[in-house]
Amino acid sequence: MRPDQLLHPTPKGLYCPVSDFYIDPVQPVDRALITHGHADHARSGHHSVWATEQTLDIMAIRYGEEFCSERHVANLRETFVLNGVTIGFWPAGHVLGSAQILVEHQGLRIVASGDYKRRRDPSCLSFEPVPCDVFITEATFALPVFRHPDDVGEIQKLLSSVQQFPESAHLVGVYALGKAQRLISLIREAGHNKTIFIHGALKKLCDYYETQGVELGPLSSATLAKGEKGDFAGSIVMGPPSAFTDKWARRFPDPIICFASGWMQVRQRARQRGVELPLILSDHCDWDELLDTILEIKPREVWVTHGRDDALVRWCELNQIKARPLHLVGYEDESE
Amino acid sequence: MESFAHLLDRLVLTPSRNGKIRLLVDYFARTPDPDRGYALAAITRDLDVASVKPAMLRGLMNERMDEVLFKLSYDYVGDLAETIALVWDSEQRTAGQGHDVQPASDKSAADLSLTQIVETLNTLGKTEAMGQVSNWLDQLDASGRYALLKLVTGGMRIGVSARLAKQALSEFGKRYIKIDIIEIEELWHGLEIPYEDLFAWLEGKADKPSHLAAAPFRPAMLANALADSDMRKLDPDHYAAEWKWDGIRVQVTSEGGTRRIYSRTGDDISRSFPDLVEAMDFEGSLDGELLVGRPNNTGEIEIGSFSDLQQRLNRKTVSKKLLVTHPVVVRTYDLLADETTNLRDQSFEMRRGQLEAFAKRLDPTRFDISPLIPLTNWDDLAQLRENLPHPVIEGVMIKRWDSIYVPGRPKGPWFKWKKDPMLIDAVLMYAQRGHGKRSSYYSDYTFGVWTEDDALVPVGKAYFGFTDEELKQIDKFVRDNTVERFGPVRSVKAQRDFGLVLEIAFEGIQRSKRHKSGVAMRFPRISRLRWDKPPHEADSLTSIESLLTP
Ligand SMILES: [Zn+2]
């Protein structure tokens, strides 16, 4: 069996004709396997959904309990059979609940990694390499310019700026699922135990992470009742990036705008967005991690989904690794 | 190198002046000599090190890395130094030969100091420098590599003026000693990189460095603005009046063979005006206004327009043609030193007399004296101010006859009385979000006036002149009446019967090929919000063209 007879790209997403399911479909389908809870991968309106328990919980938090008709919990590192095709979920290290999906049939093994990273992340399980014939990788940061520095140094940048500008509030733009909780965990690991203020959009997911054993320390709402005056000088405030260009941000004294994202590696990106303190912190692999992962798994073939497939495919060619871009559309993770 | 690199990263993205000063002061405080001095020189772009040409860097990258991958990277980043800083890979795995090494760990750059880099570069020729740079790139992290590459390609543009650096130095000094920024301005050109004597003095560990420079800067005396009502309280007999020319206030000093032209904050701008430097064949120091001009057939200097002068500004090199078409002259106000005699402790009346004698020895095609205006009563002067005899005069100056020449802006002896600004009514067209404190406000405005076919054409931008309360009101108007959004910019509803009319004040208006409207304003700012005025009553392009400065 050729790999693309088992799994191939369609406008709705990756499709398995043998078993009739999609992986991370961008439109409502009958049967969906979901890698993780980010909105572009996990959409509501499918009939049956297979995902890790945490991903199902996150979808319910985001979309309400009615996000699908049938939920099927996929336990990590276990396989099950769906219409004759063997399926398994393995940790992807991207956000809480994120998983790679193994699709195996007649001895052919394909792993769809969804989004993944290789760095240690105190707020979720680490990526586990799964032997396979075809490895489907993301390519969000697949350019040699993306070489994310050590997390500890980035957290230090933030904490020393908080010390250097004690009269200011540091407003840190973060994505609500994953980035926020990871950043808070890293800040706690660095020994900063003061209350961190969060925008309302982050609250439910932070609460959920706590129930899953990820301790976030003292958090408080950055949203005030009308007429109430907050004292935010010297504090760290987190919210979705759009909130900081909104009227909402005016309650903060001498704000310093920060943004935690892999895109912050490129100065012009930071400048365009008016970011004063860029924190290079990504939930995706950087260039080196992508190459390392491919070299470690040694698949016969690499398929590249969304992102900068041209550079990664080029690198594979230079290293005599068979590679093809899938040109999937609809995945805009961490984009602006 | 690490802390210097981090300083650059922060300075580039920090919009506020005070923020930049804080970053610099903290850096000076925690960085030892001579690193901090070299950093200061690099930031003010006074540091001159062996340079590396961009073409050499590209060549180096071609040897190290797959061309296609480099091109994809460069296209994405858009800046050569930054691209190389990011893609640089000491293990060269991106070159194509994959091998199973661990990701290049961020090597500690702590042991490679800025001083080591600068002092080594100073001993190397161009080709050797390239090899050395390549070695260092292996040892530094991405942010250190960026700083190094900007240093050796001379592309250090980080939004810190020499003026701002001096301000930071004086703030730093205030932690230890009593100091005024004027003292730093005065010393500046006698100091040598890496400024160890300066830092020792600022930290209270040594005396103030003594004057070493030939033709030093003498801190300028500045005037206070004067309101009409206050003037009536002054006795005209005690004051002299002269025109306030709208060029560049300069100090031209020629002493013992050294000739320098200083801006009023002590920046040496001699290089931009070689034609004037050549004519400075005197011994002494003059205060005056730099303008474009040439002698007419009676031998008197005829002053050109402000846009003529603009042709000569902000240029690093001046073409021969420009030197001929736009020669610069100095209209002198004051004499600070006559040969080696300091005149600053004498009265303005005395100095003026000396100036008139001194000027006779100056090149008459390049220097003349700013004439005094007869002053008997304030009403006559007010009359003159309403009818200024030349477009490049922006008002009148009033100086006490007995005033000695002191640095800074003392209260009392000198006043400036500017002409009223020009005013137009324009319609708000676009608004852009501000930076820093203003990042949640639409605070930068593009305004337009009506063309003959009832369309709006943008004529300028303004981002100050309004109160905080007015800012909130305009911001609300922008958000409530957005037509389209382009990134941080919004276009705003602006029709003949609906829109926001802004009264714009400005100092003059000129023809400009770069602007769609064909005109450009000087110092436009918002003087009033005209909520009461329907947009169709705003000015037209024809009506503002009638205000063009000749
Ligand atoms: Zn994701």
Side-chain angles (χ1 to χ4, degrees), chain A residues 118 142-150 153 157 160-161 164-165 168 171 243-250 252-257 265-278 280 286-289 291-292 294-296 298 308 310-312 314-321 336, chain B residues 2 6 9-10 12-16 18-19 22-23 26 65-66 68-70 72-79 82-89 91 93-106 141-143 146 433-442 472 475-476 479 487-488:
Chain A
R118 305 299 305 268
L143 259 191
V145 296
F146 293 108
R147 325 273 299 282
H148 304 143
D150 188 25
K157 270 206 266 180
S160 35
S161 183
Q164 197 172 11
F165 295 91
S168 291
L171 310 188
F244 297 137
T245 54
D246 193 52
K247 289 185 195 173
W248 181 80
R250 294 188 191 160
F252 305 110
D254 287 326
I256 292 180
I257 308 287
Q265 188 116 44
V266 177
R267 286 169 177 77
Q268 190 54 26
R269 283 269 185 152
R271 209 170 293 141
Q272 273 164 0
R273 304 187 55 128
V275 173
E276 292 173 59
L277 184 62
I280 308 166
D286 69 0
W287 176 250
D288 291 310
E289 290 168 49
L291 308 194
D292 286 336
I294 292 170
L295 292 171
E296 183 180 357
K298 295 196 180 70
R308 315 212 131 247
D310 40 5
L312 195 57
R314 168 76 183 175
W315 180 85
C316 287
E317 279 168 10
L318 290 170
N319 289 274
Q320 286 88 48
I321 298 166
E336 287 139 278
Chain B
E2 199 175 4
H6 284 168
D9 283 346
R10 293 275 338 237
V12 172
L13 293 175
T14 299
S16 98
N18 287 340
R22 174 92 55 90
L23 292 167
D26 287 351
M65 184 174 169
D66 176 57
V68 176
L69 289 175
F70 185 73
L72 287 170
S73 302
Y74 187 26
D75 287 349
Y76 180 79
V77 175
D79 177 277
E82 184 168 7
T83 309
I84 296 174
L86 292 173
V87 302
W88 190 268
D89 171 5
E91 277 132 24
R93 30 201 329 245
T94 297
Q97 55 277 45
H99 48 101
D100 44 5
V101 286
Q102 286 305 299
S105 60
D106 273 324
D141 67 4
S143 141
Y146 179 75
R433 271 203 314 271
H435 286 285
K437 259 187 193 183
R438 281 183 172 184
S439 52
S440 64
Y441 289 97
Y442 285 86
K472 277 186 197 158
D475 180 82
K476 182 171 183 339
R479 289 172 191 270

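Per chain, numbering begins at 1; letters A, B, ... match sequence-line order.
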Fill in the blank from the handout: side-chain contact (heavy atoms from CB on, under 4.5 Å) test vs B:Leu69 passes for just one of A:Leu318, A:Leu143, A:Val145, A:Leu312, namely A:Leu318

Is chain B contacted by the side chain of [X], its backbone, both, or neither, given a heavy-atom distance below 4.5 Å?
X: A:Ile321; answer: neither
X: A:Ser168; answer: neither
X: A:Asp310; answer: both

Practice task
Flag the one option from B:Asp26, B:Thr14, B:Thr83 with the top tally of heavy-atom pairs under 4.5 Å to chain A.
Solution key: B:Asp26

Practice task
Could you tell me which of B:Leu72, B:Val12, B:Ile84, B:Leu13 has the largest number of non-hydrogen atom pairs under 4.5 Å with chain A?
Solution key: B:Leu13

Contact origin within [X] toward chain A - heavy atom pairs under 4.5 Å:
X: B:Arg433; result: side chain
X: B:Phe70; result: neither
X: B:Leu23; result: both

Handout entry: Pair B:Arg479 + A:Asp246, salt bridge at N-O below 4.0 Å
Key = yes

If you tally heavy-atom pairs under 4.5 Å against chain B, which of [options] wins?
options: A:Arg250, A:Lys157, A:Gln164; value: A:Arg250
options: A:Glu296, A:Arg267, A:Arg118; value: A:Arg267
options: A:Pro253, A:Ser161, A:Gly153; value: A:Ser161

Problem - Residues which pass salt bridge (Lys or Arg N to Asp or Glu O under 4.0 Å) with A:Arg314, listed by chain and number, not counting sequence neighbours - result: B:Asp66

Completion exercise
Sequence neighbours excluded, the answer for salt bridge (Lys or Arg N to Asp or Glu O under 4.0 Å) partners of A:Glu276 is none

Exercise for the section: Ignoring hydrogens and angles, state whether a donor on the side chain of A:Gln268 or B:Asp79 is under 3.5 Å from an acceptor on the partner side chain. Expected result: no

Problem - Six-ring centre of A:Phe146, A:Arg308 cation under 6.0 angstrom, axis tolerance 45° - result: no

Handout entry: Neighbour count >12 (heavy atoms, 6.0 Å) for atom NZ, A:Lys247
Key = yes

Practice task
Name the orientation class of the two ring planes belonging to A:Phe252 and A:Trp248 (parallel below 30°, tilted from 30 to 60°, perpendicular beyond 60°).
Solution key: perpendicular

